[in-house]
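Given the structure is predicted, the values throughout are model-derived calculations rather than measurements.
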Amino acid sequence: MNRAIEAAVRPELAAGEKLLWTGRPNMIRLAWLRGGKTALFAIPWTGFSILWTGIAWLFSAGNEDSQLFFRVAMVIGPLFFLFGIWLFVSSLIKAFAVRGTLYALTDKRAIVLTGGGRSRSFGAGDLGSLFRRGTRRGDIIFRDALPRGSGDPEEQAGHLTDFGFFGIADPRGVERLIREQVAKA
């Protein structure tokens with residue numbers, strides 16, 4: 001276990017709780033899942049909005065027959081552009097917010113500490129059904145802990161990447177540790 005991660009996780013532990021494993025996500029993987037894909041989508045969206053506005057501006061200058069269409073296009077284009085910029089910037093903020101994310105497994109629960117200082121715990125009831133991707137580096141998703149409905153306050157509070165260990169080394173070994181602890185509970 002990494003001493004720095006262990007020191008950061010210690011204040012989260014209850015009295016008598018034993019720390020079994022600590023880890024850090026692959027920051028690139030987690031940033032991609034958290035906001036990178038959306039930021040990548042925002043680039044062509046914004047480019048299209050610039051193209052749309054430019055074409056509308058060019059054609060509206062000398063064409064009096066369809067002035068209404070091009071005037072509407074001149075309003076919609078900048079709105080699309082602003083939305084694309086907002087989408088790109090907010091996605092990058094989410095992607096950079098993964099810095100400082102830490103994972104811990106104790107004899108009683110799994111803990112996800114996010115860079116923003118938020119902590120989320122998952123007891124044995126949340127860890128009964130796991131999904132693992134990868135063997136050397138991968139993800140463990142806590143299926144029973146995933147939000148079920150849109151009215152779930154937990155879903156509003158975080159991201160789906162807060163419901164598992166993402167981009168960790170040796171996910172097979174960590175899954176085995178989790179299953180052992182769930183069996184003991």
Side-chain angles (χ1 to χ4, degrees), residues 1-14 17-44 87-150 152-185:
M1 280 191 278
N2 183 318
R3 298 267 185 230
I5 299 173
E6 190 176 336
V9 170
R10 282 271 171 225
E12 299 293 325
L13 301 182
E17 195 170 10
K18 183 178 155 190
L19 194 58
L20 303 175
W21 173 86
T22 59
R24 224 180 257 277
N26 175 318
M27 292 300 164
I28 294 172
R29 168 110 174 104
L30 191 57
W32 175 254
L33 291 171
R34 184 68 65 85
K37 290 188 280 187
T38 308
L40 193 62
F41 169 76
I43 293 169
L87 191 64
F88 184 74
V89 170
S90 65
S91 299
L92 286 182
I93 289 169
K94 289 177 188 174
F96 285 120
V98 302
R99 291 178 307 141
T101 299
L102 302 173
Y103 300 136
L105 182 64
T106 72
D107 56 343
K108 296 181 182 359
R109 61 192 170 131
I111 304 169
V112 176
L113 293 171
T114 61
R118 220 177 51 226
S119 173
R120 183 164 287 183
S121 295
F122 304 94
D126 298 325
L127 303 173
S129 176
L130 302 174
F131 176 74
R132 176 178 47 90
R133 287 187 292 226
T135 54
R136 283 190 230 148
R137 183 160 284 283
D139 310 326
I140 298 175
I141 300 159
F142 311 144
R143 281 192 175 168
D144 291 339
L146 288 173
R148 299 289 187 252
S150 61
D152 191 341
E154 290 296 315
E155 183 179 3
Q156 306 293 329
H159 305 276
L160 290 180
T161 52
D162 293 342
F163 294 90
F165 297 157
F166 290 85
I168 60 171
D170 189 27
R172 185 181 290 159
V174 175
E175 178 189 23
R176 188 174 32 250
L177 271 173
I178 292 171
R179 291 195 188 284
E180 288 171 4
Q181 294 311 309
V182 169
K184 288 179 185 177

Interatomic spacing from [atom1] in [X] to [atom2] in [Y] - rounded to 0.5 Å:
| X | Y | atom1 | atom2 | result |
| --- | --- | --- | --- | --- |
| L105 | I178 | CG | CD1 | 5.5 Å |
| L113 | R120 | CG | CZ | 11.5 Å |
| L127 | R179 | CG | CZ | 10.0 Å |
| F122 | I111 | CZ | CD1 | 10.5 Å |
| F166 | N26 | CZ | CG | 12.5 Å |
| I141 | L130 | CD1 | CG | 10.0 Å |

If every non-hydrogen atom of [X] is compared with every non-hydrogen atom of [Y], which pair is closest and at what distance?
| X | Y | result |
| --- | --- | --- |
| P171 | G134 | CG-O, 3.5 Å |
| S121 | D126 | O-OD2, 4.2 Å |
| G164 | V112 | O-CG2, 3.7 Å |
| A110 | F165 | CB-CZ, 3.8 Å |
| L92 | A39 | CD2-CB, 4.2 Å |
| L19 | A104 | CD1-CB, 3.9 Å |

Using the test salt bridge (Lys or Arg N to Asp or Glu O under 4.0 Å), find all partners of R132 that sit at least two apart in sequence or belong to another chain.
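With sequence neighbours excluded, R132 shows a salt bridge (Lys or Arg N to Asp or Glu O under 4.0 Å) to E175, given in chain and number order.
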
Residues in salt bridge (Lys or Arg N to Asp or Glu O under 4.0 Å) contact with R137, at least two apart in sequence or another chain
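Checked R137 against salt bridge (Lys or Arg N to Asp or Glu O under 4.0 Å); zero matches.
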
Does some side-chain heavy atom of L102 sit less than 4.5 Å from a side-chain heavy atom of T22?
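Side chain of T22 against side chain of L102, heavy atoms only: no contact under 4.5 Å found.
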
Hey, are the side chains of L40 and K37 touching, using non-hydrogen atoms and a 4.5 Å cut-off?
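SC-SC contact between L40 and K37 ruled out.
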
Looking at W21, is its backbone amide N or carbonyl O close enough to the side chain of Y103 to form a donor-acceptor pair, meaning the two atoms are under 3.5 Å apart?
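Not confirmed, Y103 side chain does not pair with W21 backbone.
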
For the side chain of D170 and the backbone of R136, is there at least one donor-acceptor N/O pair under 3.5 Å apart?
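Here the side-chain-to-backbone pair does not exist.
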
Taking salt bridge (charged side-chain N to carboxylate O under 4.0 Å, His left out) as the cut-off, I'd like each qualifying pair that reaches into residues 105-116, sequence neighbours left out, listed once.
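Matches after skipping sequence neighbours: E17-R109.
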
